[in-house]
Amino acid sequence: MKIFHTADWHLGKVLQGVSLIEEQRFVLNQFTDAVKEEKPDVVIIAGDLYDRSVPPAEAVSLLDELLWKLTVDYKTPVLAIAGNHDSPARLQFGSRLMQANGLHIVGKPSESGGGTTVQLEDEFGPVQFHLIPFADPSVIRNLTKDEGVDSHHRAMESVIRQYGELDSSIRHVAIAHAFVTPLGEPEENTSDSERPLSIGGAEYVAADLFKHFHYTALGHLHQANFTGTEQIRYSGSPMKYSISEENHQKGFLVIKLDGKGEIEVKKRALSQNRDIRTVKATMSDLLLEAPSEDYVFVKLLDDAPVLFPMEKVRSVYPNAMHVERVVNRSLPEQATSRVSDIERLDDRTLFNSFYEEITGDAPDQETKTIVEEVLQELLTKKGESL
């Protein structure tokens with residue numbers, strides 16, 4: 001069976017106040033063209049179809065256009081799940097009607113807190129796809145009445161447990177949206193465009209939970225990689241969504257699943273019409289560069305302040321997103337970019353630093369606990385309101 005694995009489309013994404021919808025159309029049309037040409041047996045979209053739970057109209061229209069091409073024009077089944085950016089109820093609306101055209105979208109867990117199974121066939125027999133939408137611990141805890149579900153790992157464990165013992169005579173593919181690491185240990189997210197799933201280190205899921213699946217198609221992390229084993233993979237996002245992703249190689253994965261459940265993985269590249277990248281130069285050198293439509297983040301190397309820098313930069317880079325001056329280049333880089341470093345700190349670390357600077361002492365455990373509870377509440381409310 002030939003599977004196309006993609007995720008994290010984030011339709012409706014806005015970068016520095018600029019809508020990326022046309023860039024997304026340009027990139028994802030390459031993906032649908034590849035489906036038309038290579039004729040996979042199924043397309044997997046592992047969550048975060050939209051960038052926020054109430055997407056703009058043009059994002060909804062683009063998703064409708066892309067899914068129509070895949071399922072109706074190209075007769076390719078699509079299996080999609082909700083990610084942490086999606087609204088589960090909105091994404092699942094009308095899903096039973098869509099199944100007739102081969103579109104299976106699972107927005108929320110079942111009433112018992114489990115996932116959904118879709119079975120497809122190839123020349124070797126059946127393949128069961130186990131669709132696990134974003135498993136928020138509070139939601140799973142409420143559905144299962146299990147107070148032990150206190151982390152994303154426990155929530156995922158609970159969902160997978162409901163599948164019971166998998167039939168060893170057929171092949172099994174899991175589709176999930178989570179932050180999976182080899183042992184459930186904390187790891188750095190390589191993209192600052194993806195918000196955390198939880199506060200206080202409870203967002204990580206151990207790869208061992210997926211050991212009984214022949215392949216696990218993951219979404220959430222924007223850089224393609226495998227975790228735990230080569231059978232547990234992130235496809236990454238199809239395009240860059242922040243300057244932190246400028247060195248990512250974007251695309252999607254092509255999985256060939258043979259009759260014994262062995263996999264072969266290849267990556268297909270997708271290109272952007274306008275790249276997202278950093279430009280480092282003095283203003284005089286920058287003004288001599290060839291004009292470009294790319295979305296650039298400019299670091300000016302001038303020793304003296306530059307008047308009206310954005311106006312000058314946009315004479316060469318009309319889509320420039322940000323301009324900053326890197327002062328005193330003789331100092332170590334960490335000393336010349338303190339503001340940028342502060343902007344990259346997570347909320348908890350930022351509070352601890354602020355508290356220590358004001359009081360002279362590190363916050364005690366009680367203070368840390370209160371702050372984490374407040375941050376978690378704010379994160380939950382943010383997800384509900386987006």
Side-chain angles (χ1 to χ4, degrees), residues 6-28 31 44-71 78-98 103-111 116 131-140 142-143 152 155 175-179 189 191-199 203 219-222 237-242 245 295 321 347 374-386:
T6 181
D8 298 282
W9 287 7
H10 288 277
L11 298 180
K13 174 72 175 179
V14 173
L15 179 63
Q16 299 286 104
V18 176
S19 171
L20 299 180
I21 196 73
E22 289 309 315
E23 194 67 37
Q24 292 173 322
R25 186 188 306 276
F26 178 85
V27 171
L28 289 170
F31 176 75
I44 289 173
I45 311 174
D48 282 353
L49 283 75
Y50 294 122
D51 190 58
R52 52 188 186 271
S53 58
V54 184
E58 59 267 25
V60 177
S61 178
L62 178 55
L63 181 62
D64 178 66
E65 174 187 322
L66 294 167
L67 293 179
W68 181 272
K69 280 185 181 180
L70 294 173
T71 59
V78 173
L79 308 180
I81 60 171
N84 60 300
H85 283 250
D86 298 309
S87 165
R90 286 188 177 89
L91 207 59
Q92 188 151 320
F93 177 78
S95 58
R96 285 182 293 179
L97 290 173
M98 299 173 189
L103 175 57
H104 301 265
I105 295 183
V106 179
K108 52 188 178 181
S110 68
E111 292 183 0
T116 299
L131 284 68
I132 306 172
F134 175 60
D136 184 282
S138 62
V139 173
I140 302 301
N142 181 61
L143 291 171
H152 284 264
I175 306 171
H177 192 91
F179 198 149
N189 191 336
S191 171
D192 59 22
S193 65
E194 182 54 66
R195 63 172 180 257
L197 300 178
S198 181
I199 300 297
E203 65 178 320
H220 180 59
L221 299 186
H222 289 191
S237 58
M239 61 174 280
K240 301 174 185 178
Y241 285 123
S242 71
E245 300 178 27
Y295 300 116
M321 292 284 180
D347 293 332
V374 171
L375 290 174
Q376 183 63 58
E377 183 179 352
L378 290 172
L379 180 65
T380 301
K381 288 182 177 179
K382 181 179 180 182
E384 292 173 349
S385 63
L386 286 178

Ignoring hydrogens, what is the shortest heavy-atom contact between [X] and [Y]? Give both atom names and the distance.
| X | Y | result |
| --- | --- | --- |
| Ala155 | Ala135 | CB-O, 3.7 Å |
| Tyr50 | Val60 | OH-CA, 3.5 Å |
| Ser237 | Glu245 | OG-OE1, 3.6 Å |
| His104 | Leu131 | O-CD2, 4.0 Å |
| Ala7 | Pro238 | O-CD, 3.3 Å |
| Pro133 | Ile81 | CA-CB, 3.9 Å |

Euclidean distance, [Y] [atom2] relative to [X] [atom1], rounded to 0.5 Å:
| X | Y | atom1 | atom2 | value |
| --- | --- | --- | --- | --- |
| Thr71 | Leu103 | OG1 | CG | 5.5 Å |
| Asp48 | His85 | CG | NE2 | 5.0 Å |
| His220 | Glu203 | NE2 | CD | 5.5 Å |
| Leu11 | Ser19 | CG | OG | 10.5 Å |
| Leu66 | Ile45 | CG | CD1 | 8.0 Å |

Taking only residues two or more places apart in sequence, or in another chain, which ones meet [X] in a side-chain contact (heavy atoms from CB on, under 4.5 Å)?
| X | answer |
| --- | --- |
| Leu143 | Pro109, Val139 |
| Pro88 | Lys108 |
| Met321 | Leu15, Gln16, Val18, Tyr295, Phe297 |
| Ala176 | Ile132, Met156, Phe210, Leu218 |

Show me the donor-acceptor pairs within less than 3.5 Å that the side chains of residues 20-27 make with the rest of the protein, sequence neighbours left out.
unit_1	atom_1	unit_2	atom_2	d
Glu22	OE1	Arg25	NE	3.3
Glu23	OE1	Arg274	N	3.3
Glu23	OE2	Asn273	N	2.5
Glu23	OE2	Arg274	N	3.0
Gln24	OE1	Gly12	N	3.2
Gln24	NE2	Trp9	O	3.3
Gln24	NE2	His10	O	2.6
Gln24	NE2	Tyr241	OH	3.1
Arg25	NH1	Glu65	OE1	2.7
Arg25	NH1	Glu65	OE2	3.2

Exercise for the section: Quick one: list whatever passes side-chain hydrogen bond (donor to acceptor under 3.5 Å, both in side chains) with Ser110, sequence neighbours left out. Expected result: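 Expected list: Ser112.
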So [Y] and [X], do their side chains get closer than 4.5 Å, heavy atoms only?
| X | Y | value |
| --- | --- | --- |
| Val106 | Ile175 | no |
| Phe134 | Asp86 | no |
| His222 | Ser242 | no |
| Met239 | Leu28 | no |

